[in-house]
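Inspection log for the structure reproduced underneath, given as structure tokens.
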Protein chains: 2
Amino acid sequence: MTVTLADVAARARVSPATVSRVLNGNYPVAASTRERVLRAVDDLDYVLNGPASSLAAATSDLVGILVNDIADPFFGIMAGAAQTEIGGPGDGSGRAGGEKLAVVCNTGGSPDRELTYLTLLQRQRAAAVILTGGAVEDPAHQAAMNAKLAKLADAGTRVVLCGRPPLPEGEAIVAALAFDNRGGGRRLTEHLLSLGHRRIGYVAGPLERTTTRHRLEGHQEAMQDAGLGGDKERLTVHGPYDRRSGYDATLELLRREPEVTAIVAANDTVALGASAAIRDRGFRIPEDISVAGFDDLPFSVDAVPALTTVRLPLFEAGARAGRLAMGKETPPPGGIATIAAELMVRGSTAPPRK
Amino acid sequence: MTVTLADVAARARVSPATVSRVLNGNYPVAASTRERVLRAVDDLDYVLNGPASSLAAATSDLVGILVNDIADPFFGIMAGAAQTEIGGPGDGSGRAGGEKLAVVCNTGGSPDRELTYLTLLQRQRAAAVILTGGAVEDPAHQAAMNAKLAKLADAGTRVVLCGRPPLPEGEAIVAALAFDNRGGGRRLTEHLLSLGHRRIGYVAGPLERTTTRHRLEGHQEAMQDAGLGGDKERLTVHGPYDRRSGYDATLELLRREPEVTAIVAANDTVALGASAAIRDRGFRIPEDISVAGFDDLPFSVDAVPALTTVRLPLFEAGARAGRLAMGKETPPPGGIATIAAELMVRGSTAPPRK
DNA sequence: CTGTTAGCGCATTCAC
DNA sequence: GTGAATGCGCTAACAG
């Protein structure tokens, strides 16, 4: 019924081992033999049995990429870039040679699902795992994660962090590429302050997320330095990283502080929702209220007015994570690299009306 | 070094077979025995060896979801929905019981990569495969795809199409959920015609894609019926499904026909680019030129003005595909269902200036 | 450069 | 309800 290595070997008049060798390409095989084997493979339409070879070799060609929200381009861009580096271009035959199977797993931001996916990947003996985006800061979950990652690393799985702060004990992982969320958040708010804003509302992401906290801390540092740190509780509203949250939180901020002249959002998607709320309340952007986001997703430049935001090189970071996971690039010193965030000043921010 | 089933068996003082039985849960085992085994599993921190069990059982728990562009929410929404149905909520222990490993694979729209992923999934003996979005219409590639899908189905892999037209010989697959792209495209253009538009430019997607062709045909049918079919070559420009393409194509359309009063874009992202081009040329939306998109992605309602578009129930379709792939839902009659597309009239379209 | 020999770790017959 | 054997299909030493 199902054709096996032995069938191919028989047809090519060689031993199974030889077939295995040409298929894996990691061994010297005479050109003529290889030719013959390949023809037999095509004739028989043979496809390697992945589980069997993974079992024998004690490693698989699976590489997992964990994302918090697959519908969010923030993750899609990173994951796509990583996959490009990992999957290889293919040889056009659809035959699939030694390429890895780069797959993305959507945790939906749930700690449980994150752990479950890691276990599933561990079960598959994944060659590598890339974790993208902010981590949940609950201590119990962090401990469980660190233990799990250590076990994965122990079993030979390469662990790479992308857009996520390094682990407390970073020894277990290949590398961590951390975004400078704090610095970016700080510069963004400094920009607003320099324009003359004093009453700035902040729509933060979900609680207990590193990304949320770092961006917010950057904002608060800037406010503090400007002597405006007193009101932070009242001028901050938390919510998920989505449009709706931006909309609702902005209405709430407007209620709490009608004199607000600028809204800083945790990311661009949230900023879009914030903008809608501002308009629905009859205010203009940026004349009445300035708006700023974070990430510089592709749509941000097309917002009207174009969104002031902080650019993160998501594609480059994802690609680098992919290379690191493949061992194609040497890890940064100490295994940790900080990715710079660049302020992008556009039309959605302007001096306050006064 | 690595703990195996036998180790667990030894510690629980049972046979390996029994451990296997409680882990797979498909067999009667005494409660007390199960208890003991589970404790041993936890004590030893045992994780099933996926490749080994897949080899022995001749099936794996991997489910592949193929997407054309993972950075595009169009696919992200469908994939996320499907994953939700497949992965299950997890039991909170991170232990991972019988759940499937739902993974998404990004083809980048490349036929080669599509085929390669399918081969890789076949190699893993995937339990199911979901193909999302438009198919490439090159005959050779279609033939290769059909052959590959037939082989997958033959090997027990459940194949489900989501947002993709059914196969020529649909017997091989579990089900196809097709979007009514043609009908949606037609109604969208009819809406524009009813507003009084006569010179309508069309920014189409890439050539040789079913989605592109169906949407365009819907548009052209409407134009034809209105006696405006003569100019279709000149008023249509093809390009990728991205912002940049919308921008460039719109400039081109404006050059070819300065009197154009409406631009229909192949999807919302393209419409965003089109809008930017229109504005950069000094025109207002919708006063001078109307703009319409397709898909109704989350950001479309936040465009300024809000984008007139055609809504596709992406989440619902993805979830249904996921259930179909799991065998949790009975396939539609004939294995084919057409998903309706709903016209969403918003602020970006209005009667032409005259 | 190629063939032979042994498992990899588990699911599944069978017996009991 | 449980244990003992068998083999899934392949890779990795070894020889030659």
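Lettering follows sequence order; numbering is per chain, from 1.
Here the P atom of nucleotide D:dT11 and the CG atom of A:L48 are 5 Å apart, to the nearest Å. The separation between A:N26 atom CG and D:dA13 atom P is 13 Å, rounded to whole Å. Atom-to-atom, CG of B:L5 to C1' of D:dA5 comes out at 15 Å; the value is rounded to the nearest Å. To the nearest angstrom, C1' of C:dG9 lies 5 Å from CG of B:N49. The CG atom of B:L23 sits 7 Å away from the P atom of C:dA11 (whole-angstrom rounding).
Distance CZ/B:R36 to OG1/B:T18: 9.0 Å, rounded to 0.5 Å. Atom-to-atom distance recorded for B:L152:CG and B:Q122:CD is 5.0 Å, nearest 0.5 angstrom.
With sequence neighbours excluded, the residues satisfying salt bridge (Lys or Arg N to Asp or Glu O under 4.0 Å) with B:R164 are B:E114. Looking at residues two or more places apart in sequence or on another chain, you find a side chain to side chain contact (heavy atoms under 4.5 Å, CB included) between B:S60 and B:S54, B:L62. Under the side chain to side chain contact (heavy atoms under 4.5 Å, CB included) criterion, B:A17 pairs with B:S15, B:R21, sequence neighbours left out. When the side chain to side chain donor-acceptor pair (under 3.5 Å) test is applied to B:R320, the partners found at least two apart in sequence or on another chain are B:E329.
Side-chain contact check for B:Q124 and B:D61: no donor-acceptor pair (N or O, by modelled atom type) lies under 3.5 Å.
At least one side-chain nitrogen or oxygen of A:N24 sits closer than 4.0 Å to the OP1 or OP2 atom of D:dT11.
Of the residues in residues 53-60 of chain B, those lying under 4.0 Å from DNA chain D by heavy-atom distance are B:L55, B:A56.
When distances are taken from the side chain of A:S20 to each of C:dA11, D:dT11, D:dG9, the shortest belongs to D:dT11.
Within a 6.0 Å sphere centred on CD of B:E35, heavy atoms belonging to other residues, nucleotides or ligands number 12 at most.
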Every protein N/O lying under 3.5 Å from an N/O of nucleotides 2-4 of chain C:
| unit_1 | atom_1 | unit_2 | atom_2 | d |
| --- | --- | --- | --- | --- |
| C:dT2 | OP1 | A:T33 | OG1 | 2.4 |
| C:dT2 | OP2 | A:A30 | N | 2.8 |
| C:dG3 | OP2 | A:S15 | N | 3.0 |
| C:dG3 | OP2 | A:S15 | OG | 3.3 |
| C:dG3 | OP2 | A:T18 | OG1 | 2.7 |
| C:dG3 | N7 | A:R21 | NH2 | 2.7 |
| C:dG3 | O6 | A:R21 | NH1 | 3.3 |
| C:dG3 | O6 | A:R21 | NH2 | 3.3 |

